[in-house]
Amino acid sequence: MTRVLVADDSETILLLMRTRLELAGYEVETAADGQEVTERLHEGDSRSLPDLLLLDAMMPRKSGIDALRELRAAGVDTPALIISAHQDATDANAPTDLEVSGYLTKPIDFDRLLDNIADLTS
Amino acid sequence: MAVIGVGRFIQQRQDFEDAIARSYQVEMGARVRVAEGTGGRAARATVAAQADRRSQLQDQISSDTRDTAILVAAGLIAGLTGALLLFSGLIASMRRPLEELVDAAGRLAGGDRSARVAVGGLSETATLGAAFNEMAGELELEASQRDQLDRLKDEFVLTASHELRSPLTSVQGFAEILMLERDSLTPKQVETVEIILDNCRHLVRLLNDLLDLARSDAGRLAISPKPTAVAPLIDDAVRTMRGQTDSSKQLLTQQIEPGLPLIEVEADRIRQILVNLLTNAHEYSPEGASIEVTVGVVGDDVEIAVTDNGPGIPESQLEHIFERFVRGDAGLTQRVGGTGLGLAISKSLVELHGGMLAVESTVGIGSTFRFRLPIAGKPVGGGPSRAIAEAG
C-alpha cells in the first residue's frame, strides 16, 4: 500500500488529512513538525521511508522547507508536496535550490491533492 | 556734514552783514567829516576805501556761499548713499531667509517631509523660520505615524488571512468528507453540509479578496504577464459560471471575434476579473436574464465587455461601485453572495495590466463593464514596474 507521511503542526489538519487520504486508500503516517520528519527518516530503517512527503511549509521547530532541504542534502529523493497557508506559495516563488514536486495552498483542494499524489506515486 | 555746512553758511552770512554794517558806519563818519570840512583828503579816501571794502566783502561772501552750497550738496549725497546702502543691506538680510523659506515650503508641499530652513537673519525672519521648522516637524511626525498605521493594517490583514486558512481548511475538509458519504445522510443533512460548504467557499473568496487588497495597498500586488490566448480564458470563465447561470435560467453567451491576437496578461488574474464581473451580472440580474461576454480588437488592445440586461445601476451609485464593500441595492435585499470587494480588486487588476475598467449602466436596461488588455508584443502604458503604487 502506498505510504504518505504528512507533517503539520495542527492536529486537526493531521486528522483531516489522515481521514481523507485513508478514504482514498492510502496508508498515512503523521508528524507534528519538520524535526520529527527528519528524525524519523534519519533512523535509516527502510520501513520509515514513505512513498510521498506532504509537508506544511511553516511549522515550529523546523519548517517543511528546512526539513526537505536537510533530507535532500542527505540523499533522500522521496517526492514531496509543500502545503502553505500563503497564497504566494506557488511554483514561481519556490526556493529554486529545492527539489519539490509541487505546491498547494490552504484551504486544500483535495481533488487536486489526490490527483498529484496519484501521479507522484504511480 | 550738511548740517555743519548749513551752520557755517549762517555764521558766514552773519559775519558778512556785520562787516557791511560796520563799513557803512565808517563811511558815514567819513562823509560827515567831509561835509563839515574837518576830514580833508583822508576822509574822502576812507569813503572810497569803504566802497572797495564792501565790494570785496560781497565777493568773499559769494565765494563762501558757493563753497558751502557744494559742501551741503556733498553732505546730502553722502547721506543718501549711506541710507541706500543701509536699506539694501536690510533687504538682503531679509531676502535670503525668505527665499529659503519659499524653497523649503515648495519642497514640503512636494512631499519632502524633511524640508527645513536654517534659522537666522533678522529676528522676524528667524521667528518665521523657527515656526516653519516646527510645523514641518509636526507634519513629518504625523506622516510617519500614518505610514506606520498603514503598515500595521496591511500586516494585520495579511496575518489574519493566513491564520484563518488552517481552521477554514479543517471546516471545509471535514464537510467534504461528510459529502463523500452523502448516501448515508438524510436530505436535510445533505442540505446542511451544502450550506457549510457554500459558506466556506464564500469565506475563502473573502480571504483571497482581502489579501489582494492588502497587497494592492502595500504596493505588493504584482503580476507576471505572459502572451496568452484570449478565447480559452473566456471559455474557462464562462464554464465556471455556467452551473450558476443555468440554475437561474439565465442565458450566458459569448461573442469572440475570430483570429484574436495573443494578449500580454497573467491568465489567472484575467480569469479572476471575468469571474468577478460574471458573478455580479449573475447575482444582480433576475431569473431568465441574458449575460453576454463580447471580445474584439480595439486599436492596440483587446477589449472585453460583460453585458447584462439586469436592473441596471442608478446614477447616484455608479461612481461608488468600485469602492470597497459597496454593494448595489440588490446586494442588500437579494441572495447576492459577493464580498463587496470584487469590483475594487478587478479595477486594481485591470490597472496592473495597464488598462482601465469602465462601466455603463441604464436603470431598467442593464449594465456593461468593459476593459482593455494589451496585445502581446506591443508597448504598454503601465511602465516597467507593474505593481500598483498605493491605491486609496
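The structure displayed is predicted, hence computed values, not measured ones. Just so we're on the same page: letters track the sequence lines, and every chain starts at 1. Computed over heavy atoms, backbone and side chain alike; hydrogens, waters and symmetry mates excluded.
A distance of 8.0 Å separates CD in B:E351 from CE in B:M356, rounded to the nearest 0.5 Å.
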*Step by step, would you call B:M241 with B:L252 a side-chain contact (heavy atoms from CB on, under 4.5 Å)?*
CA-CA 9 Å; B:M241 293 302 298; B:L252 176 57; 4.0 Å; yes
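Ranked by heavy-atom pairs under 4.5 Å with chain A, the first of B:V204, B:V171, B:L164 is B:V204.
Both the backbone and the side chain of A:I13 come within contact range of chain B, judged by heavy atoms closer than 4.5 Å. Contact of B:L180 with chain A is made through the side chain alone, with heavy-atom distances under 4.5 Å.
For the residue pair B:S248 and B:H282, the shortest heavy atom distance occurs at OG-CE1, 3.1 Å. The two residues A:M58 and A:S63 come nearest to each other via the heavy atoms CA-CB, 4.5 Å.
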